[in-house]
Amino acid sequence: MKSPIGIFSMTSQRSHDDYQPLVIEKKWQDDWDKQNLYLTPDSDPNRPNRYHATMLPYPSGDLHIGHWWAMAPSDMLARFHRMNGYNVLFPMGFDAFGLPAENAAIQRGIHPQEWTTANIERMRGQLKRMGAMFDWSREINTSSPDYYQWTQWWFLQLFKNGLAYRTETLANWCPKCQTTLANEQVVGDGICERCESPVSQKSMPQWLFKITEYAEELLDFSDMEWPNSVLRMQENWIGKSEGAEILFEIDNPNISEVLSVFTTRPDTLYGVTFMVLAPEHPLVNDIINPEFSKQIKRYQEDSARVTEIERQSTVREKTGVFTGAYCLNPMNGEKVPIWIADYVLATYGTGAIMAVPAHDQRDFEFAQKYELPIKVVIAPENWSENQELEEAYTGKGNLVNSQEFTSLTASDAITKVIEHVESNNLGTKKTQFRIRDWLISRQRYWGAPIPIIHCVDCGTVPVEENDLPIKLPTEVEFLPTGQSPLSLAEKFVNVPCPNCGAPAKRETDTMDTFMCSSWYVYRYTDPANITLPVGPDATKNWPAVDQYTGGAEHAVMHLLYARFFHKFGRDIGVLRGNEPFLNYFAQGQVLGTDGQRMSKSRGNVVAPDEIVDQWGTDAFRAHLAFMGPWENGGPYSEGIIGISRWLNRVWILANSDYSQKNISSRDVEFLRLVNQTIQRVTHDLGEKSFNTAIAALMELTNALSASRESRDVTVENWNFSIKSLLLLLAPITPHISEELWRRSGEKKSIHLESWPVTDESALILSEIEIPIQINGKVKAKIMVPTDATEDTVLELAKTTDQVEKALAGEPIKRVIYVENRLLNIVI
RNA sequence: GCCGGGAUGGCGGAAUUGGCAGACGCAGCAGACUUAAAAUCUGCCGAGGAAUUUCCUUGUGUGGGUUCGAGUCCCACUCCCGGCACCA
């Protein structure tokens with residue numbers, strides 16, 4: 001592929017120079033920088049604030065096409081709103097802590113700090129070449145002490161409010177990254193979100209945040225305009241179930257503990273024929289009948305060896321063993337055998353279930369395998385007593401075999417049974433969530449240290465806020481050993497207890513990097529604040545992000561954590577409002593031209609720098625925006641040549657010395673098209689439909705080319721159309737727009753101009769072409785006055801040859817006329 | 001299994017409320033300009049047919065339906081993508 005740029009003939013008869021994007025792009029980027037064009041004031045008396053943000057990049061080394069795909073249209077959107085009279089904040093920064101820095105540093109034998117700083121330098125330059133309106137005065141770097149001091153501050157607030165706690169817990173352990181992971185970071189069939197290794201389980205003391213405290217509120221999406229798919233993902237992840245916790249007495253006078261289970265189907269309580277505990281359930285060892293202890297032990301050991309992935313496989317055949325113990329059904333006192341089986345998860349509900357094989361497929365399969373009784377208590381349609389089920393019946397129906405509850409509908413019975421157990425202290429109504437607390441401990445080096453000191457006498461002591469930041473020591477051996485690298489840094493670890501002064505030890509785990517990105521959008525609004533992460537003036541000016549953009553792969557990670565942080569921040573009086581991101585738009589993912597994910601091994605990586613070198617930033621921006629709907633993503637298209645041709649035509653048009661040659665009546669039509677284009681582009685950019693906005697601009701360009709040839713509109717109208725075109729282009733292709741704007745004699749930047757307004761009166765038509773259908777098939781098209789009545793149109797239609805022929809004297813049964821749309825004659 | 005989204009020419013895609021399917025662009029074909037190429041400009045471009053500047057038939061994943069009229073609404077299904085998954 002050879003670049004057409006810069007090889008245009010110099011001998012052409014054109015009166016202007018050629019379009020050289022690289023030259024003008026550099027020129028204007030420097031100029032904008034010099035005049036601080038994109039510095040955003042905290043407020044502006046004449047322009048309401050509007051906050052746009054796009055997810056900040058991880059400084060991996062090079063800006064890749066995914067960054068462009070996410071950020072270039074985001075910039076167009078921010079610029080569009082800026083031109084529409086808002087004081088738009090559109091900041092940029094770097095999410096700089098995290099494993100890749102550490103891994104790269106280990107590979108290259110340099111410090112993660114060095115690697116990160118170099119990458120940020122490089123990527124900042126690449127971002128500047130994008131020509132976006134980023135306000136660089138507010139740039140943040142989450143790995144700088146000025147920033148992570150406040151990440152630590154957030155930890156302390158969570159700790160002081162009882163929402164951060166440390167506990168020995170089974171955690172997801174990535175053997176390759178040598179660190180624990182949050183549930184949200186384990187993807188697919190139990191693999192690490194970062195390195196794609198299979199994740200195992202490991203028990204160790206870990207710090208967690210009680211995101212579960214906010215589970216209910218996190219399900220309230222009422223203040224948010226988000227894609228439905230992302231809301232449903234969060235909803236599924238939070239996983240609310242309503243039901244009851246029911247208490248079963250153990251049938252053994254020596255045991256005082258009761259067995260508690262969670263069920264969403266208290267209506268099926270009379271159908272319980274056995275109980276199942278998870279193998280790890282703490283009650284197992286207490287209730288076990290000694291005769292059975294050997295096989296129970298063996299089963300527990302076996303299931304501990306089975307990986308979490310295998311255990312959660314739905315196709316795996318269910319296994320279990322009888323404990324020899326029984327409990328009593330609280331409704332009727334029936335003796336119910338207690339089993340253990342690993343299809344019951346220790347980590348959900350109470351880690352124990354009441355099994356109702358007739359109405360739960362899993363219990364049904366288990367009962368069949370171990371020949372346990374199956375008792376129907378909800379009658380399927382046309383079911384007769386003692387008829388055996390083929391599978392569990394989970395549908396609606398009325399209760400049978402359920403004493404006083406018999407013949408109630410299942411949904412009524414749920415309420416009645418809950419009332420019954422509550423009034424008899426046999427259980428309570430209960431809402432259960434699937435979401436677990438957020439595990440934030442990482443046993444790696446390149447993260448913010450957790451500001452906690454462990455003292456033998458005082459226990460877990462928070463660092464004084466005045467002592468922040470707790471700086472990450474630089475002289476540390478950070479090779480992954482499974483042990484926190486900070487634990488080897490003696491100077492760091494050994495400190496006096498802030499409480500009693502006795503020798504104590506610092507916490508040596510670092511924080512999950514998702515903590516850094518949970519609050520970063522506020523820091524942009526108040527980047528220099530030295531007393532708070534964000535001050536009250538800033539939250540007043542910028543209470544929330546009005547428009548957030550970024551990939552949906554963060555649906556249940558970043559986007560959920562940030563909502564949790566915001567609600568917590570509100571509750572401690574630091575933040576305003578209920579949500580961090582009022583509008584969120586998830587752009588799709590760009591793939592290689594082969595439709596596969598871009599990767600070096602596949603050799604299908606499209607390098608943005610090369611494209612910019614060859615075609616220019618403006619062409620690349622417009623090309624990305626023109627490829628298709630932003631939310632779809634898809635294979636990268638090679639067709640940037642089309643955009644390049646178009647911009648070249650714009651260049652020629654705007655540089656033309658236009659003079660009118662023919663007096664005509666085309667001016668009305670011409671102005672209509674210009675105004676229609678203003679209307680379409682305004683609508684489309686507002687809807688983030690960049691591809692159709694560009695199509696409309698191309699149509700206008702084509703029409704202008706024709707008018708340039710025919711030279712039959714006034715100079716005034718011509719100039720108006722060119723200015724309109726440049727203004728409409730400004731958010732999409734900021735550099736060529738600026739160059740041509742200034743060449744037209746304007747002294748101020750086009751990016752300080754207002755968005756053009758549609759002249760509605762120019763859109764009014766006196767005549768319109770409408771199709772004439774016979775039985776729904778188009779037979780003719782006729783011009784009619786826009787205010788024509790049905791009768792007029794029908795008479796006009798009848799006079800056309802095609803309609804006359806098609807009617808062939810048949811009587812007209814019916815006429816449908818849609819004003820200014822169509823006429824359909826039914827015969 | 002559950003939740004969400006999708007399927008339109010050779011390709012990317014367009015189509016306010018049910019109202020002319022295929023805008024805009026790529027690729028392709030033909031032409032103008034040119035010594036030539038690039039650039040620029042013009043025309044053609046879903047399929048089949050009539051023997052062709054026009055007209056007919058057909059056509060938006062499949063099968064039904066509603067309607068004067070369906071890419072769009074309803075029912076059933078197939079395939080693809082994303083998420084969750086023994087969650088009681």
Side-chain angles (χ1 to χ4, degrees), chain A residues 2 4 7-9 12 14 18 187-189 227-237 239-241 243 261-265 268 276 311-316 318 341-345 347-356 359-363 365-366 432-435 552-553 555-556 586 588-589 623 626-629 631-643 645-646 648-649 652 683 687 689 691-699 701-702 705-706 709 769-778 780-781 802 805 813-816 818 820-827:
Chain A
K2 198 159 188 289
I7 54 169
F8 298 112
S9 164
S12 88
R14 272 177 258 130
D18 295 318
V187 297
D189 291 330
N228 181 44
S229 56
V230 174
L231 296 183
R232 296 290 82 77
M233 275 191 242
Q234 293 208 345
E235 201 170 73
N236 288 343
W237 187 259
K240 180 177 176 175
S241 293
V261 298
F262 173 72
T263 177
T264 55
R265 296 293 304 274
T268 61
V276 188
R311 189 165 160 185
Q312 293 195 348
S313 163
T314 44
V315 289
R316 187 161 157 265
K318 292 172 180 43
D342 63 8
Y343 80 90
V344 172
L345 306 176
T347 44
Y348 183 75
T350 63
I353 62 155
M354 58 179 227
V356 186
H359 306 294
D360 182 287
Q361 187 57 28
R362 295 154 300 179
D363 299 344
E365 286 163 22
F366 193 82
Q432 185 70 43
F433 293 94
R434 194 154 53 194
I435 190 172
E553 67 271 18
V556 293
Q589 195 185 16
H623 175 56
F626 187 58
M627 261 170 48
E631 65 267 38
N632 286 3
Y636 179 73
S637 147
E638 304 272 22
I640 192 169
I641 180 91
I643 293 289
R645 286 178 188 146
W646 168 53
N648 201 41
R649 281 207 302 279
I652 291 166
H683 173 266
E687 298 287 316
S689 179
N691 55 332
T692 53
I694 291 173
L697 289 166
M698 286 174 168
E699 284 182 59
T701 311
N702 293 344
S705 294
E709 292 301 311
E769 187 188 60
I770 69 163
I772 309 299
Q773 297 181 338
I774 308 286
N775 290 343
K777 302 210 181 223
V778 178
K781 289 170 187 179
Q802 298 99 314
K805 211 171 85 190
K813 285 188 195 145
R814 201 177 151 186
V815 175
I816 290 113
V818 185
N820 299 332
R821 275 277 191 201
L822 59 49
L823 182 81
N824 187 13
I825 303 170
V826 185
I827 56 171

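- An OP1 or OP2 oxygen of B/rA14 is reached within less than 4.0 angstrom by a side-chain nitrogen or oxygen of A/Asn691.
- Base pairing of B/rG69 is not made with any nucleotide, judged by Watson-Crick or G-U wobble geometry with both donor-acceptor distances under 3.5 Å.
- Anti is the conformation of B/rG31, whose glycosidic angle sits further than 90° from 0.
- Regarding contacts with the backbone of B/rA39, every side-chain N or O of A/Arg649 stays at 4.0 angstrom or more from both OP1 and OP2.
- The phosphate of B/rC11 has neither OP1 nor OP2 within less than 4.0 Å of any side-chain N or O from A/Ser637.
- Minimum atom distance to the side chain of A/Ser229 is reached by B/rG4, of the listed B/rG4, B/rG83, B/rA27.
- Checked against B/rG12, B/rG82, B/rG19, the side chain of A/Phe626 finds its nearest nucleotide in B/rG12.
- A distance-only check finds no donor-acceptor pair linking the side chain of A/Arg649 to the backbone of A/Asn702 [under 3.5 Å].
- Rounded to whole Å, the C1' atom of B/rU57 lies 22 Å from the corresponding atom of B/rU62.
- Of the C1' atoms belonging to B/rC24 and B/rA15, the separation is 12 Å, rounded to the nearest Å.
- A/Glu631 places no side-chain N or O within 3.5 Å of a backbone atom of A/Ala586 that could act as its donor or acceptor partner.
- Under the Watson-Crick or G-U wobble criterion, with both distances below 3.5 Å, B/rG31 is paired with B/rC41.
- Along RNA chain B, the nucleotide nearest to A/Gln432 and the one nearest to A/Met233 differ in position, and the one closer to the 5' end is contacted by A/Met233.
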Listing time: all N or O pairs from protein to nucleotides 66-72 of chain B that are below 3.5 Å?
residue : atom : partner  : partner atom : Å
B/rC68  : OP1  : A/Arg814 : NH1          : 2.8
B/rC68  : O2   : A/Asn824 : ND2          : 2.4

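- The side chain of A/Asn236 has B/rG83 as its nearest neighbour among B/rA23, B/rG83, B/rC86.
- Regarding contacts with the backbone of B/rU58, a side-chain N or O of A/Lys777 is found under 4.0 angstrom from either OP1 or OP2.
- Listed candidates were B/rG19, B/rA88, B/rC26. Nearest to the side chain of A/Thr264 is B/rA88.
- Of all the heavy atoms in A/Met233 and A/Ala555, the pair that sits closest is SD-CB, 3.7 Å.
- As judged by a 4.0 angstrom heavy-atom cut-off over every strand, A/Pro635 is placed among residues making no nucleic acid contact.
- When each of B/rC20, B/rC26, B/rC84 is scored by its nearest atom to the side-chain atoms of A/Arg434, the top-ranked nucleotide is B/rC84.
- Among the heavy atoms of the strands lying under 4.0 Å from A/Arg232 are primed sugar atoms or P, OP1, OP2 only; no base atom is included.
- Within the 4.0 Å cut-off from OP1 or OP2 of B/rA88, not a single side-chain nitrogen or oxygen of A/Tyr343 is found.
- Taking the P atoms as reference points, B/rC3 lies 15 Å from B/rC75, given to the whole Å.
- Distances shorter than 4.0 Å separate some side-chain N or O of A/Arg645 from OP1 or OP2 on B/rA27.
- Taking the nucleotide of RNA chain B with the nearest heavy atom to each of A/Leu822 and A/Met698, the more 5' of the two is matched to A/Leu822.
- When the nucleotides B/rC20, B/rC24, B/rC86 are ranked by their closest atom to the side chain of A/Glu769, B/rC20 comes out on top.
- In a base pair of the Watson-Crick type (N1 to N3 plus N6-O4 or O6-N4) or a G-U wobble (N1-O2 and O6-N3), with each distance short of 3.5 Å, B/rG46 is matched with B/rU58.
- Backbone-only contact: A/Thr692 has heavy atoms under 4.0 Å from sugar-phosphate atoms and none from a base.
- Heavy atoms of A/Asn702 sit under 4.0 angstrom from primed sugar atoms or phosphate atoms, though from no base atom.
- Whole-Å rounding puts the A/Ile643 CD1 to B/rA27 P distance at 12 Å.
- No donor-acceptor distance shorter than 3.5 angstrom exists from the side chain of A/His623 to the backbone of A/Gly642, with no hydrogens or angles considered.
- Atom C1' of nucleotide B/rG82 and atom CD of A/Gln234 are separated by 15 Å, given to the nearest angstrom.
- Nearest approach of A/Val356 to A/Asp363, heavy atoms of both residues: N-OD2, 2.9 Å.
- Note that OG of A/Ser705 and CD of A/Glu709 are 8.0 Å apart. Values are rounded to the nearest 0.5 Å.
- For the 3.5 Å distance criterion, the side chains of A/Asn824 and A/Arg814 fail to qualify, holding no donor opposite an acceptor.
- Here B/rG6 presents its P atom at 9 Å from CG of A/Asn632, a figure rounded to the nearest Å.
- When the C1' atom is used for both B/rU72 and B/rC84, the distance is 31 Å, rounded to whole Å.
- When all heavy atoms are compared, the tightest approach of A/Thr268 to A/Met354 is OG1-CE, 3.8 Å.
- Among B/rG4, B/rG19, B/rC86, the nucleotide with an atom closest to any side-chain atom of A/Asn228 is B/rG4.
- Listed nucleotides: B/rA88, B/rG82, B/rG19. Nearest to the side chain of A/Phe262: B/rA88.
- A glycosidic torsion no more than 90° from 0 defines the syn conformation, and B/rU52 adopts it.
- Residues passing the side chain to side chain donor-acceptor pair (under 3.5 Å) test with A/Glu699, sequence neighbours excluded: A/Arg680.
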